[in-house]
K.L.:
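My structure is below; once you've seen it, I'll send some questions.
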Amino acid sequence: MNALAPLYQWYNQYKRELPWRQTNDPYLIWLSEVILQQTRVEQGLPYYLKFSAAFKNIEQLARAPEEKVMKMWQGLGYYSRATNMMQTAKLVVEMHQGKFPSDYASLIQLKGIGPYTAAAISSFASNEAHAVVDGNVYRVLSRLFNIKEPINSHNGKKLFARIANEVLNKKNPATHNQAMMELGALICKPQKPDCENCPLRLQCISYQEGNHLQLPIKNPKKKPVMRYLNFIVADAVNFTILQKRSGKGIWHNLYEPPSIESTSIIDNKILMAEINKLALFKTKKPIRLNKVYECKHQLTHQTIYAVFWVVACKASSLQTKPPYVKAGWKDISKFAVHRLFDKFLKYYNLQQQLT
DNA sequence: AAGTCGGGGTG
DNA sequence: CACCCAGACTT
């Protein structure tokens, strides 16, 4: 008998009913896996429902305007996933005649699909024998076999990938993979694991040794860097000016007000000099800066201290040529924006209503 | 092999 | 506050 039989039995009894488990369509499975990368099921679920309803198949997604897809992705984070998703959709329509691949070798070549996602799609859609290794699996395996190799080290990744494939049930890789991840999500949780109800507690070595809470081991990461962002919100009564973030860095392809970054908190005088360099205001007349909103915004690798300066001005005084974009306040919700700007918008909108 | 890319839940 | 989440890409 397979040692993991209790796991599979537990899975059949306690698994969550999740929409992407009801299909064998590699396109829908891909959609769910990309959305769920580094994202908890509860957070990704509404996005999956929205995307799968809007784009029933790969052709519809490939045809969708980029701005619309970015807007739908708004709030989910790691925005390059959306860009890669669109690129892959177009490529699959052109090169694979719209038939989404479901074999590992083809999948791993696509943008945005790495070892985890290729294993997930190929096992779920084609029952290929590739073990998934995600955060859940790292945790389950490290505790089950009391493995102290750091999961974010080069050797650790190779080791866990090897072990995951060794314990993989080759007759039913799909259920095995789902069960491993479900155990990590519902029982073998990071902080308060429910070991009393774990189907594998009798064979869990770290549980018997009493060090399961110390696992998995992870090499320390460096702490977030501090950044200071000043956003210039030009308010011409009916519209404002936005620009699209480009190049590398955070919030790629999202819209925001013209911004000025500094190495520390800066005063109005220095800020004014920087604003002039933006060539946002055509007028020579000095503008009045109104500090309307400030907050700290925490990302994984950076802590942002942001200030939103509102400048009331006439429409004729604003530059509306590229890279600037004219955005009507009424239409502002059509732009894909990051959470930080969204926080400001909610505050500013509320403030306007009160005055 | 190390850095970077978000946002939100949890304790 | 620190940690983590159905990871992947870049350098």
Side-chain angles (χ1 to χ4, degrees), chain A residues 15-16 18-21 29-48 70 73-85 87-88 107-121 123-124 131-140 142 150-158 160-161 164 174 176-186 188-193 213-225 227 245 247-254 296-304 336-343:
Chain A
K15 68 181 171 190
R16 294 167 289 182
L18 299 172
W20 47 85
R21 287 185 179 153
I29 294 170
W30 165 68
L31 200 55
S32 74
E33 295 300 342
V34 173
I35 287 172
L36 291 171
Q37 285 166 6
Q38 289 292 286
T39 304
R40 284 198 321 287
V41 166
E42 310 86 75
Q43 189 187 358
L45 182 56
Y47 286 86
Y48 173 79
M70 291 308 295
W73 197 273
Q74 176 178 319
L76 197 52
Y78 287 152
Y79 296 93
S80 63
R81 288 184 292 171
T83 312
N84 289 335
M85 186 175 76
Q87 187 182 331
T88 289
L107 289 163
I108 196 68
Q109 298 183 42
L110 299 173
K111 243 334 191 325
I113 297 184
Y116 163 79
T117 305
I121 300 174
S123 67
F124 300 156
V132 295
V133 186
D134 73 334
N136 292 306
V137 175
Y138 278 123
R139 199 165 50 252
V140 169
S142 67
I151 61 171
N152 55 346
S153 70
H154 185 63
N155 285 337
K157 287 175 189 171
K158 283 200 307 192
F160 281 94
H176 170 94
N177 281 337
Q178 294 278 15
M180 290 287 286
M181 291 193 286
E182 194 76 337
L183 188 73
L186 300 184
C188 198
K189 297 177 289 184
Q191 291 170 307
K192 286 177 72 176
L213 294 178
Q214 278 34 273
L215 295 170
I217 304 289
K218 206 167 184 177
N219 282 332
K221 45 191 174 184
K222 64 175 209 177
K223 68 173 192 183
V225 296
R227 291 181 70 178
R245 282 188 81 99
K248 306 221 169 285
I250 54 173
W251 300 324
H252 181 58
N253 284 343
L254 298 186
K296 209 169 82 172
H297 191 74
Q298 189 62 56
L299 302 178
T300 302
H301 296 287
Q302 40 190 287
T303 305
I304 295 170
V337 301
H338 48 73
R339 272 296 198 247
L340 175 55
F341 183 38
D342 202 39
K343 277 198 283 192

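Lettering of chains follows the sequences in order, A, B, ..., and the numbering in each one begins at 1. Just the heavy atoms: all of them, side chains too, but no hydrogens, waters or symmetry mates, feed the values below.
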K.L.:
Less than 3.5 Å apart, any donor N or O on the side chain of A/His301 or A/Lys222 sitting next to an acceptor on the other?
P.N.:
no
K.L.:
In terms of the nearest nucleotide of DNA chain C, which residue is placed more toward the 5' end: A/Glu182 or A/Gln298?
P.N.:
A/Gln298
K.L.:
Could you check A/Lys222 against A/Leu254 and say which one's nearest nucleotide on DNA chain B is further toward the 5' end?
P.N.:
A/Lys222
K.L.:
So which one's nearest nucleotide on DNA chain B is more toward 5', A/Gln191 or A/His338?
P.N.:
A/His338
K.L.:
Is there a salt bridge (Lys or Arg N to Asp or Glu O under 4.0 Å) between A/Arg81 and A/Glu33? Walk through the geometry before answering.
P.N.:
CA-CA 11 Å; A/Arg81 288 184 292 171; A/Glu33 295 300 342; over 6 Å; no
K.L.:
Look at all strands and tell whether A/Lys296 reaches a base, only sugar-phosphate, or nothing, counting heavy atoms closer than 4.0 Å.
P.N.:
sugar-phosphate
K.L.:
For atom P, what is the distance between C/dT10 and B/dG6, given to the nearest Å?
P.N.:
14 Å
K.L.:
It should be established whether A/Tyr79 places a side-chain nitrogen or oxygen under 4.0 Å from OP1 or OP2 of nucleotide B/dG7.
P.N.:
yes
K.L.:
Categorize A/Gly249 for me: base, sugar-phosphate, or nothing, with a 4.0 angstrom heavy-atom threshold over every strand shown.
P.N.:
sugar-phosphate
K.L.:
Nearest to the A/Arg339 side chain among C/dA6, B/dG8, B/dG6, which nucleotide is it?
P.N.:
B/dG8
K.L.:
Which nucleotide wins on minimum distance to the side chain of A/Lys111, given the candidates B/dG6, C/dA6, C/dC9?
P.N.:
C/dC9
K.L.:
Does the base of C/dG7 carry an N or O that pairs as donor and acceptor with the side chain of A/Thr117 under 3.5 Å?
P.N.:
no
K.L.:
Quick one: are the ring centres of A/Tyr47 and A/Trp73 less than 6.0 Å apart?
P.N.:
no
K.L.:
Of all the choices, C/dA6, B/dG7, B/dG9, which nucleotide is nearest to the side chain of A/His297 once you look at every atom?
P.N.:
B/dG7
K.L.:
Measure from CG on A/Asn253 to P on B/dC5 and round the result to the nearest Å.
P.N.:
14 Å
K.L.:
Between the side chains of A/Asn219 and A/Ser153, does any donor sit under 3.5 Å from an acceptor?
P.N.:
no
K.L.:
Are any of A/Trp251's side-chain N or O atoms less than 4.0 Å away from OP1 or OP2 of B/dG7?
P.N.:
yes
K.L.:
Classify A/Trp20 by what it touches in the nucleic acid, base, sugar-phosphate, or nothing, heavy-atom distance under 4.0 Å.
P.N.:
base
K.L.:
To the nearest Å, give me how far apart NZ (A/Lys248) and C1' (C/dA8) are.
P.N.:
13 Å
K.L.:
Without decimals, in angstroms, what is the distance between A/Ile250 CD1 and C/dA8 P?
P.N.:
22 Å
K.L.:
For the pair made of CD in A/Gln38 and C1' in B/dG8, what is the distance, rounded to whole Å?
P.N.:
13 Å
K.L.:
Taking the C1' atom of each, how far is B/dG9 from C/dA8, in whole Å?
P.N.:
23 Å
K.L.:
Once you round it to whole Å, what is the distance between C1' of C/dA6 and CZ of A/Arg21?
P.N.:
9 Å
K.L.:
Determine whether a donor-acceptor pair (one donor, one acceptor, N or O, separation below 3.5 Å) exists between the side chain of A/Tyr78 and the base of B/dG6.
P.N.:
yes
K.L.:
To the nearest Å, give me how far apart CZ (A/Arg40) and P (B/dT10) are.
P.N.:
6 Å
K.L.:
How many angstroms lie between atom CG of A/Asn136 and atom CG of A/Asn177, to the nearest 0.5 angstrom?
P.N.:
11.5 Å
K.L.:
Quick check on DNA chain C: between A/His301 and A/Lys218, whose nearest nucleotide comes earlier from the 5' end?
P.N.:
A/Lys218
K.L.:
By nearest atom, which of the nucleotides C/dA6, C/dC5, B/dG8 is closest to the A/Arg139 side chain?
P.N.:
C/dC5
K.L.:
Using a 4.0 Å heavy-atom cut-off across all strands, classify A/Ile35 as base, sugar-phosphate, or nothing.
P.N.:
nothing
K.L.:
Out of the candidates A/Arg339, A/Arg245, A/Met70, only one should pair with A/Leu254 under the side-chain contact (heavy atoms from CB on, under 4.5 Å) rule; please name it.
P.N.:
A/Met70
K.L.:
Rounding to a whole Å, what distance do you find between A/Ile304:CD1 and B/dG6:P?
P.N.:
9 Å
K.L.:
Over 60° means perpendicular and under 30° means parallel, so tell me whether A/Tyr48 and A/Trp20 are parallel, tilted or perpendicular.
P.N.:
perpendicular
K.L.:
Could you tell me how far C/dA6 sits from B/dG11 if I compare only their P atoms? Round to whole Å.
P.N.:
14 Å
K.L.:
Between C/dA6 atom C1' and A/Leu18 atom CG, what is the distance in whole Å?
P.N.:
10 Å
K.L.:
Contact class for A/Thr39 vs. all strands (heavy atom < 4.0 Å): base, sugar-phosphate, or nothing?
P.N.:
base
K.L.:
Just compare B/dG6, C/dG7, C/dT11 and give me whichever is closest to any side-chain atom of A/Gln37.
P.N.:
C/dG7
K.L.:
Let's see if you can work this out: which of C/dA6, C/dC4, B/dG6 has an atom nearest to the side-chain heavy atoms of A/Lys221?
P.N.:
C/dC4
K.L.:
Counting the atoms with a prime plus P, OP1 and OP2 as sugar-phosphate, which does A/Gly75 contact under 4.0 Å by heavy atoms, base, sugar-phosphate, or nothing?
P.N.:
sugar-phosphate
K.L.:
With distance as the sole criterion, do the side chain of A/Gln43 and the base of B/dG7 form a donor-acceptor contact below 3.5 Å?
P.N.:
yes
K.L.:
A/Leu36 side chain: which of B/dG3, B/dT10, C/dA6 is closest?
P.N.:
C/dA6
